[in-house]
Amino acid sequence: MLTNFYLYNDNPSPLPQAAVTNPVTSRPSIEKAIRSAYCPTTNTINATRLKENLFPQDGVNTVFLSHAHKDETKAQQLKNFLATRGVNSFIDSDCWACLYEVFNKYIFPAYYKQIVGDFCYEMLDTPARNSAIPNAQHLADLVNEAAHYHLMLADALTQVMLNCDTFILVLPTNGYLTKRRELITPSAWINHELSIAKLIHDITAQPYLIKEGAYQYTTDISHLEPIRNIELLNIYPQQTLF
């Protein structure tokens, strides 16, 4: 459960350098994940199993690093620094940066129709995207399909956050802070992660008061304590290796 909340707004270059990780190697195989969740007998995909395949929960992390796509390099540098302090950090782009690849390769080129509840779909033998103009029903099916994948990812992100004890937001370069300490950002995912972090913070601080999450991507971040490199060095001192 999250107990520490920080806002990181600094240049990580003064931090001690660490070996750069290769995030691609830890990403799941999209095709393998979809095929293993497909049932040929019923011609359906079990999305509960698909979520487990695409967004596995097998990592042990202490810090959840929230960042915008444009700040992935800065977040990776911060993760590498924390690793030198013996602290494991989670960055979703390390293992789950495949969501839009799912859309481009497996959803948008073909059309799907929901048939059983919220978690099973029938795969229709319909023309590829380039060979047919989608009608209103096709577009509605695509929107519905994309929504389910986004909700799977949102659920997985929330679970990872609950398993970490520290939340650090890398202040997005495409956002800005207001005088009321609100963050204005175009990122729906940062808004989601901040809303979950704020909810956890408020439940922990005031068990009987649950505040409603922000909407329209204006999110209260007054619970995040500003943190810079000097504070990071104090919080995560160099460990002695035996």
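Side chains are part of it too, since the values below use all heavy atoms of this structure and drop only hydrogens, waters and symmetry mates.
The structure places OG of S222 at 11.5 Å from CG of L7, a figure rounded to the nearest 0.5 Å. Taken from CE in M152 to CG in N53, the straight-line distance is 10.5 Å, to the nearest 0.5 Å. Atom CG of N9 is separated from atom CG of L169 by 9.5 Å, given to the nearest 0.5 angstrom. Taking CD1 from I91 and CG from L78, the interatomic distance works out to 7.5 Å, rounded to the nearest 0.5 Å.
A distance of 6.0 Å or more separates the ring centres of H67 and W189.
A distance-only check finds a donor-acceptor pair linking the side chain of D10 to the backbone of N229 [under 3.5 Å]. When atom types are taken as modelled, the side chain of R181 and the backbone of D220 share no donor-acceptor pair closer than 3.5 angstrom. In this structure, D94 contributes its side chain and F90 its backbone to no donor-acceptor pair below 3.5 Å. Between the side chain of T185 and the backbone N or O of G175 there is no donor-acceptor pair closer than 3.5 Å. A donor-acceptor distance shorter than 3.5 angstrom exists from the side chain of N163 to the backbone of Q159, with no hydrogens or angles considered.
Partners of D155 by salt bridge (Lys or Arg N to Asp or Glu O under 4.0 Å), not counting sequence neighbours, listed by chain and number: K51. Residues passing the side chain to side chain contact (heavy atoms under 4.5 Å, CB included) test with A68 are D71, P172, N174, I190, sequence neighbours excluded. For A197, the side chain to side chain contact (heavy atoms under 4.5 Å, CB included) criterion is met by L2, F5, M161, F167, H223, not counting sequence neighbours.
Transitive grouping of hydrophobic side chains (ILVMFWY, heavy atoms separated by less than 4.5 Å) brings I235 and L65 into a common cluster.
In this structure, the side chains of L224 and L183 stay at 4.5 Å or more apart for every pair of heavy atoms.
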**Report entry** side chain to side chain contact (heavy atoms under 4.5 Å, CB included) between I196 and F64, worked out
**Finding:** CA-CA 12 Å; I196 297 300; F64 184 97; over 6 Å; no
Requested in this report: Start with the C-alpha gap between N88 and K79, add the side-chain angles, then the distance that decides, and say whether side chain to side chain contact (heavy atoms under 4.5 Å, CB included) holds.
Outcome: CA-CA 8 Å; N88 292 327; K79 175 182 178 179; over 6 Å; no
